[in-house]
Amino acid sequence: MRVERVFERAADLISGSRFCVALTGAGISAESGVPTFRGSNGLWKRYRPEELATPEAFFRDPELVWEFYKWRMEMVLNARPNPAHRALAELERMGILRAVITQNVDDLHREAGSRNVVELHGNIFRVRCTSCPYREDLKESGRAGEFVEETDVPRCPECGSLLRPDVVWFGEALREETIGKAFHLAQEADLMLVVGTSGVVYPAAYLPRVVKEHGGRIIEVNVEESAITPIADVFVQGKAGEVLPVLVNRVEAAKAGENLPQRE
Ligand code: OAD
Ligand code: ZN
């Protein structure tokens with residue numbers, strides 16, 4: 001399909017959608033300067049996930065794992081949402097997008113103004129105790145800055161045990177409530193925008209399949225083909241921060257046209 005036709009088709013699907021949801025991955029934050037996991041510059045090229053993102057790794061070497069997470073926390077603290085995050089927030093304000101389901105832990109969707117955000121893999125600004133119910137949202141408590149500066153391994157203020165990042169590691173189950181909500185949204189969706197994910201980590205990668213099984217369509221936005229591309233109805237190749245604003249502008253123009261007074 002010619003590029004122009006691809007954009008036209010994608011914009012038409014979005015304008016005509018009754019229940020649209022988005023599934024996002026690390027690629028949507030790439031233009032905010034947050035590195036992705038896979039690909040030539042991906043984090044998992046430089047680090048081994050099993051040494052940094054598993055419960056075993058954490059209990060073996062909490063200093064190392066905390067060093068990695070504080071480094072990422074600091075990076076994300078300095079990152080700003082990009083036009084792709086903002087375009088999804090705008091689509092929600094227009095009443096078209098019902099939710100953003102994200103694999104990202106960087107909080108940039110909310111920073112951009114998205115309200116209904118389902119964080120499948122947790123949030124890097126939240127920490128929790130490894131032995132008591134203590135939890136803290138470092139953004140809410142305003143302690144994120146001092147937290148990343150602290151060199152000692154963080155300990156629970158209630159019981160003194162190790163604190164851990166409130167993210168989902170490999171080998172861990174997603175929170176039941178969260179994954180339930182995501183599957184429910186996927187079942188309801190007549191359209192899913194799949195943006196910047198390689199589509200190889202489960203259960204997140206099931207969600208586009210659930211949409212298809214229930215008769216919904218998929219628009220994928222990615223700089224390159226992914227594991228989702230074979231089931232995408234429209235594949236828009238390009239950077240999320242460039243593609244999404246164009247699509248949303250087109251949808252806005254189409255909606256404005258609909259509202260013009262019609263001639264008799
Ligand atoms: P990946 O790093 O696996 O994939 C990023 C995707 O974004 C790739 O398909 C890239 O082609 C694409 N991409 C890169 N830059 C882009 C841009 N500017 N615009 C659009 N697309 C772009 O990231 P995820 O699919 O999110 O999990 O990875 C899934 C999970 O694996 C993560 O949540 C994390 C990771 O290990 C855990 O840590 C549990
Ligand atoms: Zn505790």
Side-chain angles (χ1 to χ4, degrees), residues 22-55 57-58 65 68-69 72 76 81-85 87-88 100-106 108-109 118-124 127-136 154-175 178-179 182 193-208 219-229 232 235-247:
L23 172 68
T24 67
I28 198 168
S29 297
E31 290 156 82
S32 295
V34 183
T36 61
F37 295 96
R38 295 170 189 81
S40 49
N41 289 320
L43 286 174
W44 297 154
K45 276 263 143 59
R46 281 181 282 160
Y47 309 98
R48 286 152 54 92
E50 59 273 29
E51 281 165 16
L52 291 168
T54 65
F58 181 72
V65 173
F68 176 68
Y69 276 92
R72 285 185 60 206
V76 168
N82 68 55
H85 298 105
L88 292 184
V100 177
I101 305 168
T102 187
Q103 298 165 85
N104 300 344
V105 296
D106 58 27
L108 291 176
H109 284 299
V118 180
E119 293 174 317
L120 293 175
H121 295 162
N123 184 305
I124 198 163
V127 296
R128 62 181 160 94
C129 180
T130 50
S131 44
C132 84
Y134 181 81
R135 289 171 178 275
E136 183 175 346
R155 297 211 163 254
C156 175
E158 302 282 338
C159 76
S161 301
L162 280 175
L163 285 179
R164 60 163 281 176
D166 198 1
V167 299
V168 177
W169 282 325
F170 288 102
E172 290 187 314
L174 277 66
R175 279 177 62 182
T178 310
I179 190 67
L193 309 177
V194 179
V195 185
T197 178
S198 53
V200 296
V201 173
Y202 288 85
Y206 284 126
L207 295 166
I219 297 174
E220 182 182 31
V221 179
N222 200 308
V223 289
E224 59 186 42
E225 293 194 0
S226 76
I228 306 298
T229 315
F235 175 64
V236 192
Q237 184 158 21
K239 291 185 174 178
E242 292 169 8
V243 171
L244 287 178
V246 173
L247 289 180

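Every number for a ligand or one of its atoms is a count from 1 in the order of the listing.
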To which protein heavy atom is atom 6 (C) of ligand 1 closest, and what is the distance rounded to 0.1 Å? Gly196 O, 3.4 Å
Is a side-chain N or O of Asn82 found less than 3.5 angstrom from the main chain of Gly241, in a donor-acceptor match? no
For ligand 1, the portion of Val105 having any non-hydrogen atom under 4.0 Å away: neither
In ligand 1, the atoms that come under 4.0 Å of a heavy atom of Ala30 are 15 (N)
Is Trp169 in contact with ligand 1, taking contact as a heavy-atom separation below 4.0 Å? no
Checking heavy-atom distances from atom 30 (C) of ligand 1 to each of Asn41, Val201, Val195, the winner is Val201
Evaluate the side-chain proximity of Leu88 to Leu244: yes if any heavy-atom separation is below 4.5 Å, no if none is. yes
Contact region, Ala53 to ligand 1, non-hydrogen atoms below 4.0 Å, reads neither
Taking the Zn ion (ligand 2) as the vertex, measure the angle between atom SG in Cys159 and atom SG in Cys156; round to 10°. 110°
Proximal ligand 1 atoms for Gly25, defined as those under 4.0 Å from one of its heavy atoms: 26 (O)
Taking atom 4 (O) of ligand 1 as the reference point, the nearest protein heavy atom with its distance: Ser198 N, 3.4 Å
Please state which part of Thr197 comes within less than 4.0 Å of ligand 1, counting heavy atoms only: side chain, backbone, both or neither. both
What is the nearest protein non-hydrogen atom to atom 10 (C) of ligand 1, stated with its residue, atom name and distance? Asn222 OD1, 3.4 Å
Checking side-chain polar atoms at under 3.5 Å, does Thr24 have a donor or acceptor matched by the opposite partner on Gln103? no
Only heavy atoms of Phe170, strictly under 4.0 Å: list the atoms of ligand 1 that pass. 36 (O)
Between Glu136 and Arg155, does any side-chain N to carboxylate O distance fall below 4.0 Å? no
Ligand 1 to Glu31, heavy atom cutoff 4.0 Å, flagged ligand atoms 17 (C), 18 (N), 19 (N)
Determine whether Val127 and Asp166 satisfy the following criterion, side-chain contact (heavy atoms from CB on, under 4.5 Å), listing intermediate values before the conclusion. CA-CA 5 Å; Val127 296; Asp166 198 1; 5.8 Å; no
Any side-chain to backbone donor/acceptor pair from Thr130 onto Leu162? Under 3.5 Å, distance only. yes
Starting from atom 34 (C) of ligand 1, locate the nearest protein heavy atom and write down its residue, its atom name and how far away it is, to 0.1 Å. Phe37 CE1, 3.6 Å
Distance filter under 4.0 Å to Val168 heavy atoms, resulting ligand 1 atoms: 39 (C)
Just to confirm my output: which protein heavy-atom neighbour is closest to atom 17 (C) of ligand 1, and how far is it? Gly27 O, 3.3 Å
Which residue supplies the protein heavy atom nearest to atom 36 (O) of ligand 1, what is that atom called, and how far is it? Trp44 NE1, 2.9 Å
Under the 3.5 angstrom rule, does the side chain of Thr229 hit a backbone N or O of Ser226 as a donor-acceptor pair? yes
Side-chain (Thr54) to main-chain (Ala57) donor-acceptor, under 3.5 angstrom: yes
For Tyr134, does the OH atom sit with more than 12 other heavy atoms under 6.0 Å from it, leaving out its own atoms? yes
Checking the side chain of Asn104 only, and the main-chain atoms of Gly25 only, is there a donor and an acceptor separated by less than 3.5 Å? yes
heavy-atom search around atom 33 (O) of ligand 1 in the protein gives His121 ND1, 2.8 Å
Atom 26 (O) of ligand 1 has as its nearest protein heavy atom Ala26 N, 2.8 Å
Hey, can you tell me if Phe58 and Trp169 have their rings parallel, tilted or perpendicular (30° and 60° cut-offs)? tilted
Against Val105, only a single residue in Val167, Val34, Val168 fulfils side-chain contact (heavy atoms from CB on, under 4.5 Å); can you say which? Val167
Give a yes or no on this: more than 12 heavy atoms of other residues, nucleotides or ligands lie within 6.0 Å of atom CZ of Arg175. no
Looking at ligand 1, does any of its N/O atoms fall within less than 3.5 Å of an N/O of Ala240? yes
Under 4.0 Å to a heavy atom of Glu224 - the qualifying atoms of ligand 1, by number: 11 (O)
